[in-house]
Amino acid sequence: MNSKQLDMLCSAIFLVFGGLMLKFSLSIRHIIPTDVGSGYVPIFLSICILVTAGAKLVLTLLDKKPAKAAAKSDSDLKGGLGTVGLMLLYVIAFEPVGFLLSSMVYLFAQILLMSNQDNRKPVLFVAISVALPVGIALLFAYVIKMPLPVGILGF
């Protein structure tokens, strides 16, 4: 597969992913009726993904340069597809499982996926995966005054 075909495939995958993310984001219910609800950021990000992937696809199709052979890298493919899969699972789990638990699991899995044997520090990864969502939840609850979805465990 050459680089142009890979760019088109990647754009198509992200168009599908962005579309699914937008579909699921639109179903996030508003906890507090305001202009900016719980689904604002996921909707905004999914639109950004759709616009970027669409632009990349158009630029790839308009490019008249001869396609060169793509470099083979299994780790790039594994990391890219793994990230898309993890993000899709995160979007699906966000509402029923809740922000805290789904974010902790997603962050830990994403960091593990992107690390290699040399820089793998599970204790640090757990600390980051717990501290960051808790900090964000506290920010939303006490500063922005907009609680995030609690999910099945009630927190």
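This chain uses plain numbering: 1 for the first residue, then up along the sequence.
- The hydrophobic clustering, which links ILVMFWY residues whose side-chain heavy atoms are closer than 4.5 Å, places Leu26 and Leu45 apart.
- Between the CG atom in Leu61 and the NZ atom in Lys56 there is a gap of 10.5 Å [rounded to 0.5 Å].
- In the hydrophobic clustering, Leu89 connects to no other residue, as no ILVMFWY side-chain heavy atoms lie under 4.5 Å from its own.
- Note: the hydrophobic cluster containing Val123 does not contain Ile128 (ILVMFWY, side chain heavy atoms under 4.5 Å, direct or indirect links).
- Under the 4.5 Å side-chain criterion, counting only non-hydrogen atoms from C-beta, Arg120 is in contact with Phe125.
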Donor-acceptor pairs under 3.5 angstrom involving side-chain atoms of residues 104-112: please list them, not counting sequence neighbours.
residue	atom	partner	partner atom	Å
Tyr106	OH	Gln110	OE1	3.3
Gln110	NE2	Thr83	OG1	2.9

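- Think of Leu62 as one node in a network of Ile, Leu, Val, Met, Phe, Trp and Tyr side chains linked at under 4.5 Å; its network also takes in Val58.
- A distance of 8.5 Å separates OG in Ser103 from CG in Leu132, rounded to the nearest 0.5 Å.
- In this structure a side-chain-to-backbone donor-acceptor pair under 3.5 Å is missing from Asp7 to Cys10.
- Each of Phe24 and Leu15 belongs to its own hydrophobic cluster when Ile, Leu, Val, Met, Phe, Trp and Tyr are linked at side-chain heavy-atom distances under 4.5 angstrom.
- Grouping the Ile, Leu, Val, Met, Phe, Trp and Tyr side chains by contacts below 4.5 angstrom, directly or via other members, places Met8 apart from Ile13.
- For the pair Val91 and Leu20, the minimum side-chain heavy-atom distance is 4.5 Å or more.
- Taken together through direct or relayed side-chain contacts under 4.5 Å among Ile, Leu, Val, Met, Phe, Trp and Tyr, Phe94 and Ile47 form parts of separate hydrophobic clusters.
- Scanning all heavy atoms of the two residues, the minimum distance from Gly79 to Leu113 falls at O-CD2, 3.8 Å.
- Using a distance-only test at 3.5 Å, with no hydrogens or angles considered, no donor-acceptor pair links the side chain of Thr52 to the main chain of Ile49.
- Here Lys4 does not pair with Asp63 in a salt bridge; the nearest charged N to carboxylate O distance is not below 4.0 Å.
- Ser46 and Gly18 make their closest contact through CB-O, 3.7 Å (heavy atoms, listed as atom of the first residue, atom of the second, distance).
- The two residues Gly98 and Ser102 come nearest to each other via the heavy atoms O-OG, 2.5 Å.
- Residues Val84 and Phe14 meet the side-chain proximity criterion, which asks for heavy atoms closer than 4.5 Å.
- Considering only heavy atoms from C-beta on, Pro42 comes within 4.5 Å of Ile28 through its side chain.
- Across Ser25 and Ile43, no two heavy atoms sit closer than the pair CB-CG1, 3.6 Å.
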